[in-house]
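The structure appears below as structure tokens.
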Amino acid sequence: MLEITRIRTEKEAIIEGLKKRNLDVTETLDQILAADANWRSAKTSLESISAELNVLAKEIGDLFKQGKQDEANAAKAKTADLKNKEAELKAKVDEYEKEITQLLYTIPNVPNELVPAGKNELDNETVFEFGEKRTYDFEPLAHWDLAKKYDLIDFELGVKVTGAGFPFYRGKGAKLQRALISFFLEEAEKAGYEEFIPPLMVNEASAYGTGQLPDKEGQMYHMQVDDFYMIPTAEVPLTNIYRDVILPSEDFSIKLTGYTPCFRREAGSYGKDVRGLNRLHQFDKVEIVRIEHPTNTAKALEEMLEHVKGLLEKLGLQYRILRLCGGDTGFASALTYDFEVYSAAQDKWLEVSSCSRFDTFQANRLKLRFKNADKKNQLCHTLNGSALALPRIVAALMENHQTPEGIVIPEALRKFTGFDIIN
RNA sequence: GGAGAGUUGGCAGAGUGGUCGAUUGCGGCAGUCUUGAAAACUGUUGUACCGAGAGGUACCGGGGGUUCGAAUCCCUCACUCUCCGCCA
């Protein structure tokens with residue numbers, strides 16, 4: 001959520017910036033500013049009436065104490081009118097506040113200067129490429145066929161026990177999964193991230209904190225009886241650790257990581273790229289989260305990109321990095337880089353990581369602040385990225401490392417799998 | 001699932017209708033003293049909003065109510081803890 005103070009002072013810049021998302025928020029901002037002006041004037045009147053009433057109440061108390069009952073009762077009569085006015089103004093203030101909040105919820109984050117204008121994924125910029133397309137001297141299989149051939153993943157069993165999008169991993173498939181998680185966590189730890197195992201369900205306040213609510217309500221599984229939400233990513237519990245926190249100084253750089261399963265309803269996306277591991281309702285992911293001083297955000301994002309690059313290179317995967325255009329950048333993000341690995345067997349690029357900076361957008365909702373040099377509370381910046389999402393990595397590993405003899409496990413992973421080939 | 005007790009400032013913990021944004025202790029910050037440190041002493045120390053400022057308003061788990069006046073009384077919701085039961 002954008003800060004109202006920012007809208008007051010940087011209206012034009014916000015309008016200009018959001019054009020890159022093909023949005024014209026001029027009207028919305030004008031509505032907000034009008035409501036804000038109304039709010040302030042109502043608020044000022046309300047407060048002066050409250051002040052009057054406070055004075056009167058004190059006087060009445062004193063009169064009673066001095067035993068001047070009559071005078072006290074006379075003074076009481078005077079308050080009635082003021083109390084009516086107070087109630088009236090209070091209602092107005094509440095109404096304006098609600099209006100402002102509603103409108104603020106509709107405005108996405110302002111794209112960073114690096115973000116290109118654009119409508120959809122076709123307008124994303126490729127900023128980095130690594131590796132060569134693999135060639136095969138045999139007919140390569142897609143991962144869903146490999147999964148069956150080597151008994152690694154059972155999709156049908158998942159359908160039986162739960163439903164589509166909830167596969168079973170079995171045998172070496174399960175071990176590979178576990179190995180990747182361990183590998184990613186170990187790399188994150190080496191890079192200075194502290195590991196957490198967070199809750200997999202969160203309360204409503206947390207879902208609001210990172211912005212899943214109110215926009216993406218339908219995308220989360222909701223436990224209605226207890227009013228909990230299954231996490232769609234570890235970002236939610238990890239970032240919410242710092243909800244309502246004021247860091248004591250401006251000397252901080254917080255780096256968190258955690259492995260969790262992620263749960264997504266994926267409502268409305270049936271039929272599109274859903275084959276095999278490409279899109280699941282439950283999948284595993286190691287997430288990295290950072291909380292930074294605003295001056296360090298750009299550097300932090302660079303570090304995250306380097307970290308993810310290292311992971312993919314150690315796994316021997318061909319990949320590219322995209323800088324998302326305005327139209328493709330997530331609601332809360334100011335700048336997002338996607339990592340895609342190339343799947344030769346599917347002849348497709350698969351998204352395996354998304355690294356974003358949110359600047360103050362999340363921190364504002366989270367009320368995550370730090371004391372700056374002037375002893376003032378200032379909003380922190382938050383960032384996060386996948387490092388990495390497992391299913392498509394597994395798909396790419398299987399497809400790209402397949403040989404007639406079996407699927408070769410990359411060197412870096414062998415100490416975690418305990419085997420070097422799946423056959 | 002049953003029964004009970006709680007929720008107050010960074011923490012601990014007072015406060016049952018007005019002088020309470022809130023006693024006190026600890027912690028934090030600044031200073032005095034000291035070669036330095038500790039101790040001791042003194043002062044200071046929440047958040048948000050409105051206002052150019054002076055200043056004002058709100059916040060004692062959330063919401064509502066009673067009252068001229070609520071941390072304090074009433075209603076309601078949420079959460080936490082303890083005991084019993086069940087259980088990984």
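Protein chains get the first letters and strands the later ones, always in sequence-line order, with residue 1 at the start of each.
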- Message: Does A48(B) have its OP1 or OP2 closer than 4.0 Å to a side-chain nitrogen or oxygen of R369(A)?
- Response: yes
- Give a yes/no on whether any side-chain N or O of R40(A) is located under 4.0 angstrom from OP1 or OP2 of G51(B). yes
- Can any side-chain N or O of E399(A) pair as donor or acceptor with the backbone N or O of H143(A) at less than 3.5 Å? yes
Give me the distance, rounded to whole Å, that separates [N] from [M] when you measure between the [atom1] atoms they each carry.
N: C20(B); M: G1(B); atom1: P; value: 45 Å
N: G62(B); M: C79(B); atom1: P; value: 15 Å
N: C59(B); M: A71(B); atom1: P; value: 7 Å
N: C29(B); M: G13(B); atom1: C1'; value: 23 Å
N: U23(B); M: G15(B); atom1: C1'; value: 8 Å
N: A52(B); M: U47(B); atom1: P; value: 22 Å
N: G51(B); M: G65(B); atom1: P; value: 27 Å
N: G56(B); M: G21(B); atom1: C1'; value: 14 Å

Nearest-angstrom distance from the residue atom [atom1] of [X] to [atom2] of [N]:
X: K371(A); N: C29(B); atom1: NZ; atom2: P; result: 14 Å
X: M201(A); N: C79(B); atom1: CE; atom2: P; result: 14 Å
X: I246(A); N: U45(B); atom1: CD1; atom2: P; result: 17 Å
X: K68(A); N: G18(B); atom1: NZ; atom2: P; result: 20 Å
X: Q66(A); N: G18(B); atom1: CD; atom2: P; result: 16 Å
X: D36(A); N: C49(B); atom1: CG; atom2: P; result: 12 Å
X: D244(A); N: G10(B); atom1: CG; atom2: P; result: 11 Å

- Task: For R414(A), enumerate each residue passing the side chain to side chain donor-acceptor pair (under 3.5 Å) test, keeping only those at least two apart in sequence or located in another chain.
- Result: E411(A)
- Task: Go through the structure and list residues passing side chain to side chain donor-acceptor pair (under 3.5 Å) with Y242(A), not counting sequence neighbours.
- Result: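 Testing Y242(A) for side chain to side chain donor-acceptor pair (under 3.5 Å), a comparison that skips the adjacent residues, returns none.
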- Item | Donor + acceptor pair across side chains of Y150(A), N423(A) (<3.5 Å) |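 The answer is no; no qualifying pair exists.
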- Side chain proximity check, E52(A) to L82(A), heavy atoms < 4.5 angstrom: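 Yes, side chains in contact.
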- Message: Run the side-chain contact (heavy atoms from CB on, under 4.5 Å) test against N377(A) and tell me which residues pass, sequence neighbours left out.
- Response: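 Testing N377(A) for side-chain contact (heavy atoms from CB on, under 4.5 Å), a comparison that skips the adjacent residues, returns I246(A), R369(A), K371(A).
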- With E156(A), which residues qualify under side-chain contact (heavy atoms from CB on, under 4.5 Å), at least two apart?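 Applying side-chain contact (heavy atoms from CB on, under 4.5 Å) to E156(A) gives K148(A), D154(A).
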- Task: Could you pick out which residue, W39(A) or D226(A), lies toward the 5' side of RNA chain B when each is mapped onto its nearest nucleotide?
- Result: W39(A)
ring-ring contact (aromatic ring centres under 6.0 Å, His included) partners of [X], counting only residues at least two apart:
X: F252(A); answer: F370(A)
X: F228(A); answer: none
X: H401(A); answer: none

- nucleotides 52-69 of chain B: protein proximity per nucleotide (B base, S sugar-phosphate only, - neither; heavy atom, under 4.0 Å): ----BBS---------BS
- Message: What's N377(A) touching, base or sugar-phosphate or nothing? Going by heavy atoms closer than 4.0 Å.
- Response: sugar-phosphate
- Which dot-bracket string describes RNA chain B (Watson-Crick N1-N3 plus N6-O4 or O6-N4, or G-U N1-O2 and O6-N3, all under 3.5 Å; [ ] crossing; | other strand)? ((((((((.[[[..)..(.....]]]((((((.......))))))(((((....))))).[[[[[..)....]]]]])))))))....
